[in-house]
Amino acid sequence: MVKLGQTVILGDSYSTFEGWIPEGHVVYYSPKDEHNSRVTRVEQTWWHQLMAATDSELVLNNSWSGSTICYTGYEKEDYTHLCFNTRLDKMYEEGILDGIDTLLIFGGTNDDWCGAPEGELKFEGWTKEDMYCALPAIGRLFCRVAELLPDVKVYAIINTELKPCIHEALLQAASRNGVKTICLSDIDKEWGHPSDVGMTQIKDQLLNFFENEEV
């Protein structure tokens, strides 16, 4: 059996479920099923299924619905406090990432959907202005992961239907920093989000990837 060990998730709405993310983080999935996803139980989420299938331990699901990798959010709001880059740094500073085996990063969708400025992919010398743009912020996230977590297995899960520039930036930034990428395909969705069927499809695709890799 594939085992991911002690695992942390850094994600957005696709990885949320009520009661399973940090207090104050915005949730998308819940038993109320407000979005008609048919995902009404945590056991239906891709990550809960994956943890069970790999007999792994979820240390923390640091997911926040609507969150971006960069500092720009919807309606051009400042998402500095909730973006992936800030949350990664905070987890490291708080010692949450100490001793973990695996980090799963599942983001970039909201950088696409919110219309954040693209900017240029870069791997050093980021300015504050750069961090309000999607591509340099993606570069910074993966460089930071490599710097902070040299002994942790890190995987980037890449959504379907992303703008080519976002998709390619995720691939390039991950590859440059030793992060393996898992590109999803043909996921069943409702309102752009995985349905109950889509959740299982994500789990199956991840499990297939891990079973064919040395995890």
Reported [atom1]-to-[atom2] distance for the pair [X] and [Y], which is rounded to 0.5 angstrom:
| X | Y | atom1 | atom2 | result |
| --- | --- | --- | --- | --- |
| M199 | L50 | CE | CG | 12.5 Å |
| I9 | L58 | CD1 | CG | 5.0 Å |
| I157 | T181 | CD1 | OG1 | 11.0 Å |
| Y155 | I105 | OH | CD1 | 12.0 Å |
| I182 | N208 | CD1 | CG | 10.0 Å |
| D111 | F84 | CG | CZ | 7.5 Å |

Are [X] and [Y] linked by a side-chain donor-acceptor pair shorter than 3.5 Å?
| X | Y | value |
| --- | --- | --- |
| D188 | S195 | yes |
| K189 | N159 | yes |
| T127 | D130 | yes |
| D196 | T200 | no |

Nearest heavy-atom neighbours spanning [X] and [Y]:
| X | Y | value |
| --- | --- | --- |
| Q201 | D186 | OE1-O, 3.4 Å |
| I69 | A137 | CG2-O, 3.7 Å |
| Q205 | L184 | OE1-CA, 3.3 Å |
| N110 | G66 | ND2-C, 3.3 Å |
| S63 | T16 | CB-CG2, 3.9 Å |

So does [Y] get a backbone contact from the side chain of [X], meaning a donor-acceptor N/O pair under 3.5 Å?
| X | Y | answer |
| --- | --- | --- |
| Q49 | D204 | no |
| S56 | G5 | yes |
| D112 | K163 | yes |

Side-chain heavy-atom pair [X], [Y] within 4.5 angstrom cut-off:
| X | Y | value |
| --- | --- | --- |
| K153 | L103 | no |
| V145 | V152 | no |
| E18 | P31 | yes |
| T54 | L207 | yes |
| S37 | Y29 | yes |
| T7 | D101 | no |
| I202 | W47 | no |
| N61 | F17 | no |

Count I, L, V, M, F, W, Y as connected when their side-chain heavy atoms are under 4.5 Å apart, and connections chain through other members. Are [X] and [Y] then in the same cluster?
| X | Y | result |
| --- | --- | --- |
| L4 | V179 | no |
| V42 | V39 | yes |
| L149 | I138 | yes |

Applying side chain to side chain contact (heavy atoms under 4.5 Å, CB included) to W64 and R87, what does each step give before you reach the verdict? CA-CA 10 Å; W64 190 317; R87 285 188 285 136; 4.0 Å; yes
Give the C-alpha distance, both sets of side-chain angles, the deciding distance and a yes or no for salt bridge (charged side-chain N to carboxylate O under 4.0 Å, His left out) between K90 and E93. CA-CA 5 Å; K90 185 177 180 182; E93 291 165 3; over 6 Å; no
Heavy atoms of other groups near K76 NZ, more than 12 under 6.0 Å: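 Yes, because the 6.0 Å sphere around NZ of K76 holds more than 12 heavy atoms from other groups.
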Take atom OH of Y92 as the centre, draw a 6.0 Å sphere, and report whether it contains more than 12 heavy atoms from other residues, nucleotides or ligands.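 Atom OH in Y92 is not crowded, with 12 or fewer foreign heavy atoms closer than 6.0 Å.
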Which residues pass the side-chain hydrogen bond (donor to acceptor under 3.5 Å, both in side chains) test with S175, not counting sequence neighbours?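 Partners of S175 by the side-chain hydrogen bond (donor to acceptor under 3.5 Å, both in side chains) criterion come out as none, since no residue qualifies.
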Report the C-alpha distance between T109 and L162 in whole Å, list the side-chain angles of each, state the deciding distance to 0.1 Å, and finish with yes or no for side chain to side chain contact (heavy atoms under 4.5 Å, CB included). CA-CA 7 Å; T109 299; L162 294 179; 4.0 Å; yes
Please work out whether the ring planes of Y28 and H35 are parallel, tilted or perpendicular, with thresholds of 30° and 60°.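 The rings of Y28 and H35 lie parallel, inter-plane angle below 30°.
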According to the interplanar angle, ranging from 0 to 90°, do the rings of H193 and Y14 count as parallel (below 30°), tilted (30 to 60°) or perpendicular (above 60°)?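 Plane angle between 30° and 60°, so tilted.
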State whether D89 and R140 are salt-bridged, where the test is any N-O pair (Lys NZ or Arg NE/NH1/NH2 against Asp/Glu carboxylate O) under 4.0 Å.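 Salt bridge: yes.
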Electrostatic pair K122:E120 at N-O distance under 4.0 angstrom: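 Looking at K122 and E120, the cut-off is not met.
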Decide side chain to side chain contact (heavy atoms under 4.5 Å, CB included) for Q6 and T102; before the verdict, give the C-alpha distance in whole Å, the side-chain angles of both, and the deciding distance to 0.1 Å. CA-CA 6 Å; Q6 293 193 314; T102 303; over 6 Å; no
Can we call the ring centroids of W46 and F106 under 6.0 Å apart?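 Distance test on ring centres: under 6.0 Å, yes.
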Looking at the rings of Y71 and Y79, which for Trp means the six-membered one, are their centres under 6.0 Å apart?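 For Y71 and Y79, the ring centres are not under 6.0 Å apart.
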Going through the distances and angles, do S15 and T45 end up as a side chain to side chain contact (heavy atoms under 4.5 Å, CB included)? CA-CA 7 Å; S15 306; T45 61; over 6 Å; no
